[in-house]
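For reference, the structure is listed below as structure tokens.
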There are 2 protein chains.
Amino acid sequence: MSRKAFQRLSLDDRRRSLMEATLVCVAQHGLHGATVRRIAEEADVTAGLVRHYFGSKDDMIRNAYAYLVGQLTTLASDSARRTEGEADLQLRQFLRANVTMPNLSEQKVSLWATFIGRVRYDPQFAEIHREGYREFLNLLEALVEPVLVAHKRPHSAAICKRHAIALNGLIDGLWMEGSLNAGLYSQALLPDILVEASERLLGLPPGSLSKPQTTQEH
Amino acid sequence: MSRKAFQRLSLDDRRRSLMEATLVCVAQHGLHGATVRRIAEEADVTAGLVRHYFGSKDDMIRNAYAYLVGQLTTLASDSARRTEGEADLQLRQFLRANVTMPNLSEQKVSLWATFIGRVRYDPQFAEIHREGYREFLNLLEALVEPVLVAHKRPHSAAICKRHAIALNGLIDGLWMEGSLNAGLYSQALLPDILVEASERLLGLPPGSLSKPQTTQEH
DNA sequence: CGGAAAATTATTCAATTGTATAACTACTGG
DNA sequence: CCAGTAGTTATACAATTGAATAATTTTCCG
């Protein structure tokens, strides 16, 4: 009887592989069902490796959470940055990216909720969350401010922050429900609902975000 | 050495006591840390009782989830119903009740998120969620419609539903973040942000919900 | 009051968990 | 091509888990 054949991976690759396997297992089976053995199987390695790359199972899970948070904001942020054009278009694209694939995935929403549930009572999760939230809010403020300026709306720092908070709430709420209630209403409506609602929250003229004046050539 | 003295409770009381202990444990330690023994200790009984009142630990947890969902909508709904007056006031009160105590409790948000994380991959949780969501949406639609009528805004069934979805997203999002980021901005702002944002979402004149014309006598 | 039914406790058990350790094997540099 | 090292597997173990069963106590009705 021979041992399992295996391949050596670089430290970064193996860690990422383990974190992604962790996310898959947490999504499918919850934090309580994501056992070291199951995660190892998902990553196609044996359980011992976990302790070799992470201090403990909990340490690996925390790293996976931070990995997920970073992925979510990066995806939306990149989508906005890739969009050339005026402020309206960039904000619009950022909003839409948050409620369309790949960010609007049921797995990601499940994961996010599962981890959020631990934030209150686990200081280490709280720290990861706080950092991610702050980063997301800053991104949002930076996108909102030029839009307000362009439309000659009040745009003090305090106002921008307040708008960012409300928008963030709206995004998270719709994002979650969009994937939770996939069957109840079409997911195609979500970006429109979000963009239209955002216009109103910011006090912009109807259509300024939803039907941008500059036609996009490609 | 004598046995622990105990008291016999009615079926309803004991079940509720166990469900509440379950919620406390799930909030504090997550689904993975909410063991039968810990829950039993929290309820001040021994572990065996769980199987006597519920088919299994999982069955008890599902019942506790349904119990929580019912509690949340009931609290907000009752608060609105208790408010006498026109449609504006009732909607306003319903909105505010969702982002103030006792609904805005960090424990409840933690619990809600934890359970939501299981909805996607556990059909039984999905069923509980679906029912609760539908009920909440119906409540919201019923509150929104007369407000739209009073302000002579479009109020077809489809429009009401769309508004209810957006409002629900906004509520959930702000509700969550309000308790997650308690330190970052004052929770006292939340009801105002929500009411003001809702006005805009519904296309109501500014202040129609936030500064209702009819002064409340008491 | 007394005794039967039901609620609750106490104990036990097999299975699973996270982790520690030892054995092995793939890769790298000379 | 060959050894050393570190990545990886395999095995072992104590602790904890959910559940099942037996023993005991409370309560209530006649």
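Basis for what follows: all heavy atoms, side chains included, without hydrogens, waters or symmetry-related copies. Numbers restart at 1 for each chain; the letters A, B, ... are given by sequence-line order, proteins then strands.
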For [X] and [N], what is the distance between atoms [atom1] and [atom2] respectively, to the nearest whole Å?
| X | N | atom1 | atom2 | result |
| --- | --- | --- | --- | --- |
| A:H32 | C:dG18 | NE2 | P | 12 Å |
| A:I61 | C:dG18 | CD1 | P | 8 Å |
| A:R62 | C:dG18 | CZ | C1' | 14 Å |
| A:D13 | D:dT8 | CG | C1' | 16 Å |
| B:M60 | D:dA19 | CE | C1' | 12 Å |
| B:Q7 | C:dT9 | CD | P | 11 Å |
| A:L9 | C:dT25 | CG | P | 19 Å |
| A:H29 | C:dT17 | NE2 | C1' | 16 Å |

For the side chain of [X], counting heavy atoms from C-beta on, which of [options] is nearest?
| X | options | answer |
| --- | --- | --- |
| B:H52 | D:dG18, D:dA19, C:dA7 | C:dA7 |
| B:R3 | C:dA10, C:dA7, D:dA10 | C:dA10 |
| A:L49 | D:dT9, C:dT8, D:dA19 | D:dT9 |
| A:V36 | D:dG7, C:dA7, C:dT19 | C:dT19 |
| A:Y53 | C:dT9, C:dC24, D:dG7 | D:dG7 |

Sidechain-backbone polar pair: A:K161 side chain, A:S156 backbone, donor-acceptor under 3.5 Å: no
Base C:dG18 to side chain A:R37, donor-acceptor N/O within 3.5 Å cut-off: yes
Polar pair under 3.5 Å, donor/acceptor by atom type, side chain A:R8, base D:dA6: yes
Closest-nucleotide 5' rank along DNA chain D - winner of B:A34 and B:F6: B:A34
Which residue lies more 5' along DNA chain D, comparing B:K4 with B:D58 via nearest heavy atoms: B:D58
Salt-bridge present (A:E196, B:R162; N to O < 4.0 Å): yes
From A:R62, A:E20, A:R15, residue fulfilling side chain to side chain donor-acceptor pair (under 3.5 Å) relative to A:Y67: A:E20
Sugar-phosphate only, base, or nothing, as touched by A:T46 at under 4.0 Å among non-hydrogen atoms: base
Sugar-phosphate only, base, or nothing, as touched by A:V45 at under 4.0 Å among non-hydrogen atoms: sugar-phosphate
Donor-acceptor side-chain pairing of A:Y121 and B:E106 below 3.5 angstrom: no
Exercise: do B:S77 and B:R81 side chains pair donor with acceptor under 3.5 Å: yes
